[in-house]
Amino acid sequence: MAFPAATPPKVTQVDPDEGPLDIMLPLRSAGSLENPYPIYDLLRTVRPALPIPMPENAGSSAWLLTRYDDVHLVLSDRRFSADRMNSPLIRNNLDRLPDFLRQSAEGLRNLLTLDPPDHTRIRKLVNKAFTPKRIEALRGHIESITENLLDDLKSNRSFDLIHEVAEPLPAVVIAELLGVPARDHRQFRNWSSALIQALGSPDAKHRKAATEAGQHLFAYLSKIIEERRKEPRDDLISAMLEAQEEKDALTDLELLATSNLLLIAGHETTTHLIGNGVLNLLREPSAWERLCREPQMMNSAVEELLRFDGPVQATLRVAREDVEISEKVIPKGALVVASIGAANRDPAIFEDPGRLCLDRHPNPHLGFGFSTHFCLGAPLARLETEVVLRALTQRFPHLSLADENPKYRENPILRGLTKLELNP
Ligand code: HEM
C-alpha cells in the first residue's frame, strides 16, 4: 500500500490583503518575551478572561485566560474541545494561520488536536510503547550522552549551553527512541525550529520557511516509516507499525502525525526547560548553590522550574457550548488560549508565586498540562532535565552567566532562549 504522507501536505497561499491572524497578540506586547509575567499578573487581576482583538470577518471570538482555576477547567472539562477545527475562527481562516497550527488543524491532526474517542484510541497505543519503565531504563544512556557532550566542551572557556547540550541531548534521545537516525538530529531540528518559529510569528518569511520545512520533515519521516514497515527494528515507529495490525489501530496518516508530533515535542520543549531552568537557577546564585549542596532536591527543583518559567506557556481549546468563565460568557465556537504560564504564577494557588522555591510542596503546576492531554513525554522530559542538572552541578559548582540578558526566541507560546553563554 502506498504511504499517503509521501505526498506533501496541501500548501495554501496567504492572501497579502488579508493579513495573518495574530492570536497571540496580547502576549506579544513590548518586553513580554523577556518577561511575560508582569503582563500575566496584570491581566489575571483586571481582565482574567480577555477577548483577543480579531477582525470582524474572522468568524468567532478568541479569549485569553490567565487564572489557574480557569485554565485548569478548560484543560479538563468536556465542554472544551482540543480539535481546533471546531472553531469557525480556525476553520474559516486556515490560510491566515501559522503553518504548524494550520497543519495540525487541517490534514495532519495529532494527539494534541484530537478529542475522544480518536484521542483515546491513539493515546492508548502510544502509551504502550512509551511506558515510564521504558523511559527509566534509558537513564544510564542519557547520562552517558550528557557526559560525552560535557566532555566535548573546551575546558575553562565559556560555552553555549543551548547549542552544546540542551539542543542535542533531547534530539538524539527522541530520535533513537523513535528510530530516526540520530546523526540527522541537526537537520530535523532545523526543520522543527522553522515550524515552531512560524507558530510564534505572523511574519510571511517565517511562514514560507515553515511550509517548506514541514514538507521536508514529512517526506523524511514517511521514508523512515516505509523502511521500518519492510524491516522492523526495536524502536517506537516499528512498535506503532506493529500496533497497526491490531483492531482499532492507527491509520497511516495518524502514524505519520504521531511520529511527527513526538519528534517535534520530544526536543523543542525539553531543550527550553533545561535552558530556562539553568538561567533561573543562576540568576539566583543561592538556588544554584543549594542544588549543588543538596542534590536530593533535584526532582522537586525540576517541578519548580516547570512552574516558574516552563517552556510551554499556552495551549488552545475550543468552547463546544457557551461557558461562563470569570464572569464572562465564552461563546460556543470561541477559541480559548489557556495561559499555562500565567496559571502557574497565580497567587490564589501558589504562595509567593514570583519566588523560585526549589522545595515547593505541594506544586500542582500545569507545566505539562492536565487531564486528557497531559504530556505523554513528561517522564522523559523530567529524566533528561534531572540528568543534565545533576551533571552540571557536579562538574561546574561555580557555573555563572557569561551574559546576564540572553536573547529569547520570538515565540510567546514555546518560551526559550536562542543561546545561553555560561562560564564554567
Ligand atoms: C519540558 C518538556 C515538556 C513540556 C513542558 C511539555 C508540555 C506539554 C503540555 C503542556 C502538553 C499538553 C498540551 C495540551 O493540553 O494542549 C503536552 C502534551 C504532549 N507532549 Fe509534552 N512537554 C514536554 C516534553 C515532551 C516530550 C519529551 C515529549 C515526547 C517525547 C512530549 C510529547 C507530548 C505529546 C505527544 C503530547 C500530547 C498528549 C496528548 O494530547 O494526549 N512532550 N506537553
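Reckoned from all heavy atoms, side chains included, excluding hydrogens, waters and symmetry mates. Fair warning: this is a prediction, and the values are worked out from it, not measured in the lab. All ligand and atom numbering here is 1-based and tracks the order in the structure.
In terms of protein heavy atoms, atom 35 (C) of ligand 1 is closest to Leu261 CD2, 3.6 Å. Summary of contacts: the protein heavy atom closest to atom 13 (C) of ligand 1 is Leu112 CD2, 3.6 Å. The single protein non-hydrogen atom nearest to atom 12 (C) of ligand 1 is His373 O, 3.3 Å, given as residue, atom name and distance. Closest to atom 38 (C) of ligand 1 among all protein heavy atoms lies Arg123 NH1, 3.2 Å. For atom 16 (O) of ligand 1, the nearest protein heavy atom (residue, atom name, distance) is Thr315 OG1, 2.6 Å.
The ligand atoms of ligand 1 that sit less than 4.0 angstrom from a heavy atom of Arg317 are 14 (C), 15 (O), 16 (O). In the vicinity of Leu273, heavy-atom distances shorter than 4.0 Å reach the ligand 1 atoms 1 (C). Applying the 4.0 Å criterion to heavy atoms of Gly367 picks out, from ligand 1, the atoms 5 (C), 7 (C), 10 (C). Ligand-side atoms of ligand 1 in range of Ile174: 30 (C), range being under 4.0 angstrom from any heavy atom.
Contact analysis puts Pro311 in contact with ligand 1, with a non-hydrogen atom separation below 4.0 angstrom. Not a single heavy atom of His272 sits closer than 4.0 Å to an atom of ligand 1. Residue contact check for ligand 1: His119 places a non-hydrogen atom closer than 4.0 Å to it. The shortest separation from a heavy atom of Thr385 to ligand 1 is not under 4.0 Å, leaving the residue out of contact. Ligand 1 has Phe130 within reach: a non-hydrogen atom of the residue lies less than 4.0 Å from it.
Ring geometry, His267 versus Phe188: the interplanar angle exceeds 60°, so the pair is classed perpendicular (tilted spans 30 to 60°). Ring geometry for Phe159 versus Phe396: interplanar angle of 30 to 60°, hence tilted.
Arg395 and Asp151 are joined by a salt bridge, as a carboxylate oxygen and a charged side-chain nitrogen come within less than 4.0 angstrom of each other. Between Glu226 and Arg229, at least one side-chain nitrogen of the basic residue sits less than 4.0 Å from a carboxylate oxygen of the acidic one, meeting the salt-bridge criterion. Salt bridge status for Asp69 with Arg67: absent, with no side-chain N to carboxylate O gap under 4.0 Å. In summary, Asp309 and Arg283 do not engage in a salt bridge, as defined by a charged side-chain N under 4.0 Å from a carboxylate O. Ion pairing of Arg290 with Asp359 is present here, as a side-chain N (NZ or NE/NH1/NH2) and a carboxylate O approach within less than 4.0 Å. Note on Arg409 versus Glu268: salt bridge recorded, some NZ/NE/NH1/NH2 to OD/OE distance being below 4.0 Å.
The two atoms that bring Ala62 and Leu89 nearest to each other are CB-CD2, 3.9 Å, heavy atoms only. Across all non-hydrogen atoms, the minimal contact from Pro170 to Gly266 is CB-O, 3.7 Å.
At a cut-off of 3.5 Å, with distance as the only test, no side-chain donor of His119 or Thr372 sits close to an acceptor on the other residue. For the 3.5 Å distance criterion, the side chains of Asn190 and Ser193 fail to qualify, holding no donor opposite an acceptor.
The set of protein atoms (N, O or S) found at less than 2.8 Å from atom 21 (Fe) of ligand 1 reads Cys375 SG, by chain and number.
When non-hydrogen atoms are compared, ligand 1 lies under 4.0 Å from the backbone of Thr372 (N, CA, C, O) but not from its side chain. Contacts between Ile340 and ligand 1, counted as non-hydrogen atom pairs separated by less than 4.0 Å, involve the side chain only. The backbone and the side chain of Leu111 each have at least one atom closer than 4.0 Å to an atom of ligand 1 (non-hydrogen atoms only).
For Arg307 and Phe350, the positive end sits near the middle of the six-membered ring, less than 6.0 Å away and at most 45° from its axis. A cation-pi arrangement, defined by a distance under 6.0 Å to the six-membered ring centre and an angle within 45 degrees of its axis, is present between Arg345 and Phe308.
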